[in-house]
Colleague: 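This is the structure I have questions about; it appears just below.
Proteins come first, then strands; the chains are lettered A, B, ... in the order of their sequence lines, and each starts at number 1.
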There are 2 protein chains.
Amino acid sequence: MPESRPRIIPEATVARLAVYLRVLAGLADGGRSHVSSGELASAAGVNPAGLRKDLSYLGPCGVRGVGYSVAGLRDRLTEALGGERSRACVLVGIGRLGSALADYSGFASRGFQFVGLLDTDPATVGHQVGGLTVRPVAELEGLVAETQATIGVITTPADVAQTVCDRLVAAGVRSILNFAPVALSVPAGVDVRKVDLSVELQVLAFLDQQRDGAPPVLAPVRATAQGGVR
Amino acid sequence: MPESRPRIIPEATVARLAVYLRVLAGLADGGRSHVSSGELASAAGVNPAGLRKDLSYLGPCGVRGVGYSVAGLRDRLTEALGGERSRACVLVGIGRLGSALADYSGFASRGFQFVGLLDTDPATVGHQVGGLTVRPVAELEGLVAETQATIGVITTPADVAQTVCDRLVAAGVRSILNFAPVALSVPAGVDVRKVDLSVELQVLAFLDQQRDGAPPVLAPVRATAQGGVR
DNA sequence: AACCGCTTGTGAACGCCTGAACAAAGTCGC
DNA sequence: GCGACTTTGTTCAGGCGTTCACAAGCGGTT
């Protein structure tokens, strides 16, 4: 069984696979044993054909005429997305947002465990957040080396995000989730994903304005925004 | 004056315009009067040619041989993205994440003002968060009608997100930012943008594993830093 | 006034992703 | 045991977004 990696999986597909996995976990808790692509796609908010295409990157994993085994597909997706093993994450910048993330149970339940919380503010250092003690950023390098953390989450103000990022990379972190509103530059071999909250709101504001200002037919209106048809 | 909206602006472009606007605001504060597309693109983490194409949707707004006027471009982007006018937002679900968002200064500075915080938990209702008092969700309809809020932010648990969404839409909200890990279904004419934090982490975990497990040539590695958020 | 360098704006090619139609395959009913 | 129905997996075409490359235009200089 050496193969099973014939082609590479597009990043957009990987993101959707994570969504399917979550839906499947819910179905498994509900006692369901099988699902069709149509039902799964409806729950995930995507097109059934696209869902089947996504799953086909993993090789055949359904039964024609029946559908997909909930437990079987869940296990295969879990393995494809990185396995069960817990991944150590370091969080830098324990403000309001950082505290919320440190407490967010949705991470721990998916195998992501925060092993260190760092901040520069002496008033914050020492506090307990989500079961961990906030430590000074000076301990960043030692903490990463000690815990073998592979993921860094940056929730600092924009002006120090690049510096923090550089230190994380130098310490060995190769995956970074950035909430600071700046474009981080990193060497090749390091992945960055950016979440920009105010940009999301601004896009909504634009769509709102466009709707009001241009009543005549504009873009071909999506029949359904996100959810399933019928 | 004939409106200058000959073509529609792709959503991906709109998201980047918001980023450019933020960079320009920083440059204006720094006293800069002009920028080139190369410098602006570098600061925003995109390709210079793509940036020029994005800006071209607004019509010619630069001077050849010189670059873009910082203040002029900032004003034009501001207008294109919805103007200066403040937009009223309602936030439902005042947990850790909701509280963090209610306090986030990045929203208010861009014209987004929370006019109502709602929660079901009696222990949370009545608390002061970000200068507002948390109110029970029963007041949702009245609040939206009274404040003419156009944007709703959902930070509730997944199982009640759809119900909250339906009530927001029925009350008149036409733009929704969803942090709950479910696909919301809405009628045509309502826009939903979804932020899924655990999916972001899971994509990073996948890329990490792929790097370790498949040393042979994979996808053409981006030379520059920022992968992008589609 | 004309030239030259610099930067924008745009046209075209490339690649990726999405959405729909078709064939393969397995199961249920008789 | 055989036929028909259901559902997957795949193939094909279409659209969208991104990238490269070049012509057009403006300022400064001689």
Side-chain angles (χ1 to χ4, degrees), chain A residues 4 6-17 19-20 32-42 44-70 72-73 76-77 203 218-226 228-230, chain B residues 4 6-17 19-20 32-42 44-70 72-73 76-77 203 218-224 226-230:
Chain A
S4 84
R7 357 179 192 182
I8 63 173
I9 306 181
E11 202 163 310
T13 292
V14 174
R16 283 189 297 267
L17 292 181
V19 176
Y20 306 153
R32 291 287 299 273
S33 66
H34 288 277
V35 247
S36 67
S37 64
E39 188 179 359
L40 196 53
S42 173
V46 301
N47 186 294
L51 181 139
R52 292 198 296 271
K53 194 176 194 56
D54 286 341
L55 294 182
S56 73
Y57 284 104
L58 310 177
C61 42
V63 180
R64 297 172 190 238
V66 176
Y68 299 93
S69 157
V70 171
L73 186 55
R76 187 184 283 228
L77 280 178
V203 171
L218 30 89
V221 180
R222 297 251 187 245
T224 70
Q226 212 180 358
V229 197
R230 149 183 344 182
Chain B
S4 55
R7 357 179 192 183
I8 64 172
I9 305 181
E11 203 162 310
T13 291
V14 175
R16 284 189 296 268
L17 291 181
V19 176
Y20 307 153
R32 290 286 300 272
S33 66
H34 288 277
V35 245
S36 67
S37 65
E39 188 180 358
L40 197 53
S42 172
V46 301
N47 186 295
L51 180 139
R52 292 198 296 273
K53 201 175 206 20
D54 286 340
L55 294 182
S56 74
Y57 284 103
L58 310 177
C61 45
V63 181
R64 296 172 190 237
V66 176
Y68 299 93
S69 157
V70 171
L73 185 55
R76 187 184 284 231
L77 280 178
V203 171
L218 30 89
V221 180
R222 293 248 192 254
T224 61
Q226 212 83 345
V229 193
R230 81 156 183 271

Colleague: What integer distance in Å separates B:Leu55:CG from C:dT10:P?
Modeller: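 B:Leu55 atom CG is separated from C:dT10 atom P by 11 Å.
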Colleague: Using the test side chain to side chain donor-acceptor pair (under 3.5 Å), find all partners of A:Arg64 that sit at least two apart in sequence or belong to another chain.
Modeller: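 Expected list: none.
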Colleague: Could you state the atom-to-atom distance from NZ of B:Lys53 to P of D:dC20 in whole Å?
Modeller: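 Interatomic distance, NZ of B:Lys53 to P of D:dC20: 13 Å.
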Colleague: To the nearest Å, how far apart are B:Leu73 CG and C:dT7 P?
Modeller: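 That distance rounds to 16 Å.
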Colleague: Enter the inter-axis angle for the ends of the helix from C:dA1-D:dT30 to C:dC30-D:dG1 (five pairs per end, rounded to 10°).
Modeller: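 About 10° separates the two local helix axes.
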Colleague: I'd like to check A:Leu73 versus A:Tyr20 (side-chain heavy atoms, cut-off strictly below 4.5 Å). Are they in contact?
Modeller: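 A:Leu73 does not reach A:Tyr20 side chain to side chain.
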Colleague: Of all residues at least two apart in sequence or in a different chain, which pass the side chain to side chain donor-acceptor pair (under 3.5 Å) check with B:Arg52?
Modeller: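 For B:Arg52, the residues satisfying side chain to side chain donor-acceptor pair (under 3.5 Å) (neighbours in sequence not counted) are B:Ser37.
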Colleague: Less than 4.5 Å apart, any side-chain heavy atom of B:Leu17 and any of B:Tyr57?
Modeller: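 Of all side-chain heavy-atom pairs linking B:Tyr57 with B:Leu17, none is under 4.5 Å.
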Colleague: Which residue pairs satisfy the salt bridge (charged side-chain N to carboxylate O under 4.0 Å, His left out) criterion with at least one member in residues 33-42 of chain A, sequence neighbours excluded?
Modeller: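 Qualifying pairs: A:Arg32-A:Glu39.
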Colleague: Give the rounded distance in Å between these two atoms: CD of A:Glu39 and P of D:dT8.
Modeller: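 Rounded to the whole Å, the gap is 11 Å.
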Colleague: Identify all pairs in which a protein N or O lies below 3.5 Å from an N or O of nucleotides 2-4 of chain D, and state each distance.
Modeller:
none

Colleague: With sequence neighbours left out, write down each residue that passes salt bridge (charged side-chain N to carboxylate O under 4.0 Å, His left out) with A:Arg16, or none if nothing qualifies.
Modeller: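 Counting only residues at least two positions away or on another chain, A:Arg16 forms a salt bridge (charged side-chain N to carboxylate O under 4.0 Å, His left out) with A:Asp54.
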Colleague: Going by side chain to side chain contact (heavy atoms under 4.5 Å, CB included), name the residues that satisfy it together with B:Val63, two or more places apart in sequence or in a different chain.
Modeller: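 With neighbours one apart ignored, the set is B:Val66.
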Colleague: Look at all strands and tell whether A:Gly67 reaches a base, only sugar-phosphate, or nothing, counting heavy atoms closer than 4.0 Å.
Modeller: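 Sugar-phosphate: the residue A:Gly67, judged by heavy atoms under 4.0 Å, touches backbone atoms but no base.
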Colleague: Considering just the side-chain nitrogens and oxygens of A:Ser37, establish if one lies under 4.0 Å of OP1 or OP2 belonging to D:dT8.
Modeller: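 For A:Ser37, the contact criterion (side-chain N or O under 4.0 Å from OP1 or OP2 of D:dT8) is met.
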Colleague: Please report the distance, rounded to the nearest Å, between CZ in B:Arg16 and P in D:dC16.
Modeller: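 For the pair B:Arg16 CZ and D:dC16 P, the rounded distance is 15 Å.
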Colleague: Could you report the tightest heavy-atom contact between B:Ala41 and B:Asn47, atom names first, then the distance?
Modeller: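 Shortest heavy-atom separation between B:Ala41 and B:Asn47 comes out as CB-C, 3.9 Å.
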Colleague: Output yes when at least one side-chain N/O atom of A:Tyr68 is less than 4.0 Å from OP1 or OP2 of D:dG9, else no.
Modeller: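 Result: yes.
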Colleague: Whole angstroms only, please: what is the CG-P distance between A:Leu51 and C:dC17?
Modeller: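 Atom CG in A:Leu51 sits about 16 Å away from atom P in C:dC17.
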Colleague: Consider the side chain of A:Asn47, meaning its heavy atoms from C-beta on, and name the nucleotide among D:dG9, C:dT8, C:dA20 that approaches it most closely.
Modeller: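 Of the candidates, C:dA20 comes closest.
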Colleague: Listing time: all N or O pairs from protein to nucleotides 22-30 of chain D that are below 3.5 Å?
Modeller:
unit_1: D:dA24; atom_1: N3; unit_2: B:Arg64; atom_2: NH1; d: 2.8

Colleague: If I take atom NE2 in residue B:His34 and atom C1' in nucleotide C:dT8, what distance separates them, rounded to the nearest angstrom?
Modeller: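 In whole Å, C:dT8 C1' lies 14 Å from B:His34 NE2.
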